[in-house]
Amino acid sequence: MFDTLSDRLSATFKNLRGKGRLSEADIDATAREIRIALLEADVALPVVRAFIANVKERARSAEVSQALNPAQQVVKIVNEELVSILGGETRRLRFAKTAPTVIMLAGLQGAGKTTLAGKLGLWLKGQGHSPLLVACDLQRPNAVNQLSVVAERAGVAVYAPEPGNGVGDPVQVAKDSIEFAKAKVHDIVIVDTAGRLGIDQELMRQAADIRDAVSPDEILFVVDAMIGQDAVNTAESFRDGVGFDGVVLSKLDGDARGGAALSIAHVTGKQIMFASNGEKLEDFDAFHPDRMASRILDMGDLLTLIEQAEKTFSQEEAAKMASKLQSSKGGKDFTLDDFLAQMEQVRKMGSISKLLGMLPGMGQIKDQINNIDERDIDRTAAIIKSMTPKERAEPTIINGSRRARIAKGAGVEVSVVKSLVERFFEARKMMSKMAQGGGMPGMPGMPGMGGGPGRQKKQVKQAKGKRKSGNPMKRKAEEQAAAARREQAAQNGGALGLPAGQDAKNFELPDEFKKFM
């Protein structure tokens with residue numbers, strides 16, 4: 001969603017690199033480019049004005065003029081101001097002192113409230129809570145059925161006593177759901193309310209009645225991040241008519257310009273609390289302003305990547321894999337079964353494109369990342385599963401006839417199987433070298449990776465000597481001449497060729513060599 005904004009900002013900062021000092025003209029030109037980038041991203045005009053004013057004021061201050069690298073300092077300022085307009089610190093849910101905690105979802109029709117109720121329920125379930133989804137959207141056709149299906153997929157309970165489709169009293173359903181939650185020991189109640197295609201009095205009145213009936217601890221305004229400036233107008237109307245405590249952005253994975261996300265927190269004064277960035281129920285998480293700003297500036301989001309890895313990978317399994325790679329057999333205990341297990345774990349983390357997009361600097365190759373075929377992992381898994389247990393444990397036994405059988409079973413060409421096995425050997429060798437502290441192949445050990453002094457013998461590349469003759473008689477003569485030179489050198493002062501009796505540290509270079517020192 002923020003690709004265009006990221007590209008414009010990256011190009012702007014690139015023009016500042018290499019400048020030892022920023023002039024007024026440089027600051028004005030940079031501010032103008034940032035202003036254009038924000039306006040093109042559909043950020044609200046009042047937000048753009050406040051943002052640019054703060055950046056220009058700080059860029060002219062001592063923190064930039066006295067900085068060793070003014071360009072990096074400007075990037076730091078822009079990053080901090082982005083964090084500020086996105087809400088500053090991460091806003092957490094407020095839980096009731098006495099269960100159940102009531103969370104009410106409000107917003108326009110089509111914003112994704114019903115699906116988001118399931119995503120929020122699954123997210124809270126993962127944190128050890130027992131949420132209950134309540135179907136209070138009794139007007140939209142099949143809204144109750146949709147919530148029931150979403151709740152089943154999320155593995156959470158649902159309260160839907162009315163069939164909907166225009167039948168039932170949503171206010172009474174909301175009231176009864178609290179008693180139902182207490183009876184069934186649910187500590188969180190998520191109320192899904194009806195929406196409209198636009199703001200009207202009936203919508204506001206019904207939302208206000210439900211609010212008064214259940215006294216929610218949190219009212220979350222769900223807004224479609226793809227509708228641009230209208231998202232801000234709608235948010236202001238809901239804030240004034242019903243009131244809300246936080247914002248949830250849905251459809252952040254869309255290709256719209258995304259200015260609503262940068263505008264809504266600043267304009268309404270209410271922080272963005274959650275973000276939904278995909279169709280799957282797992283594509284949902286707390287909104288972190290600092291991480292989003294980092295993504296926009298192509299600095300990556302390693303914290304989110306680490307958190308996803310921690311959720312997916314087992315510490316026990318990770319230790320087991322590491323021990324295999326660190327074994328005395330040079331990593332040969334690491335089999336294709338282990339390789340397949342690792343791939344499946346990575347796949348659970350989500351789209352490969354999204355994972356790579358969280359790494360710093362990946363915006364420069366986003367076209368290649370977007371063109372990654374996610375089915376390649378499935379093809380690789382099919383090839384490995386077409387092997388026998390012995391072949392997976394000992395890939396070295398895979399010969400031509402075995403490759404042909406495996407290729408036929410996986411539905412691929414024989415060359416694909418051969419390529420996979422060769423790449424596996426290369427990857428195993430590299431991972432084993434890194435696990436044992438050798439660093440990257442061809443590079444010295446990295447600090448903290450076990451490749452420093454005392455852990456690994458220093459490899460010294462021998463200098464390429466004079467080539468020996470292929471003629472045995474001539475080679476013998478060359479060796480005798482070399483031995484005679486070494487003996488003469490020893491008599492004249494050792495291997496350094498110093499005059500006899502002279503210490504190397506007291507040796508004086510001839511005058512003609514001193515000019516090179």
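- Distance check: L133 CG to L122 CG gives 10.5 Å after rounding to the nearest 0.5 Å.
- L220 contributes atom CG, which lies 12.0 Å from atom NZ of K270 (distance to the nearest 0.5 angstrom).
- Side-chain atoms of K125 do not come within 3.5 Å of backbone N or O of V156 as any donor-acceptor pair.
- When atom types are taken as modelled, the side chain of D290 and the backbone of E89 share no donor-acceptor pair closer than 3.5 angstrom.
- One N or O on the side chain of K113 and one on the backbone of L108 form a donor-acceptor pair closer than 3.5 Å.
- Within the 3.5 Å criterion, the main-chain N or O of F334 finds a donor-acceptor partner in the side chain of R428.
- Here the shortest heavy-atom pairing between A174 and S177 reads O-OG, 2.6 Å.
- Annotation for A50 and H266: closest pair CB-NE2, 4.1 Å, computed over non-hydrogen atoms.
- Taking the six-membered ring where tryptophan is involved, the planes of F274 and F284 are essentially parallel, since the angle between them stays under 30° and well short of 60°.
- Using a distance-only test at 3.5 Å, with no hydrogens or angles considered, no donor-acceptor pair links the side chain of D192 to the main chain of A135.
- Contact between Q146 and T115 at its shortest, heavy atoms only, is NE2-OG1, 3.6 Å.
- With a 6.0 Å radius and a threshold of 12 heavy atoms from other residues, nucleotides or ligands, E236 has its CD atom above the threshold.
- Within the 3.5 Å criterion, the main-chain N or O of G112 finds no donor-acceptor partner in the side chain of S250.
- In terms of heavy-atom proximity, R35 sits nearest to V48 at CG-CG1, 3.7 Å.
- In this structure a side-chain-to-backbone donor-acceptor pair under 3.5 Å is present from D245 to I219.
- Although no hydrogens or angles enter the test, the distance criterion places a donor-acceptor pair under 3.5 Å between the side chain of D338 and the main chain of T335.
- Note: Q127 CD to L93 CG = 8.0 Å, rounded to the nearest 0.5 Å.
- The nearest pair of heavy atoms linking A106 to T193 is CA-OG1, 3.7 Å.
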Exercise. Show your reasoning for whether side chain to side chain contact (heavy atoms under 4.5 Å, CB included) applies to L120 and I188.
Key: CA-CA 11 Å; L120 180 58; I188 294 180; over 6 Å; no
Quiz prompt | Test log, rule side chain to side chain contact (heavy atoms under 4.5 Å, CB included), inputs I85 and L82 | solution = CA-CA 5 Å; I85 66 169; L82 273 176; 4.2 Å; yes
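- Summarising the geometry of Q206 relative to Q139, their closest heavy-atom pair is NE2-NE2, 3.5 Å, with the distance given to 0.1 Å.
- Looking only at distances, no side-chain donor or acceptor of S130 sits under 3.5 Å from a matching main-chain atom of D187.
- Ring-centre distance between F95 and H129: below the 6.0 Å cut-off.
- No close placement of the F238 and F244 rings is indicated, their centers lying 6.0 Å or farther apart.
- S84 places no side-chain N or O within 3.5 Å of a backbone atom of E80 that could act as its donor or acceptor partner.
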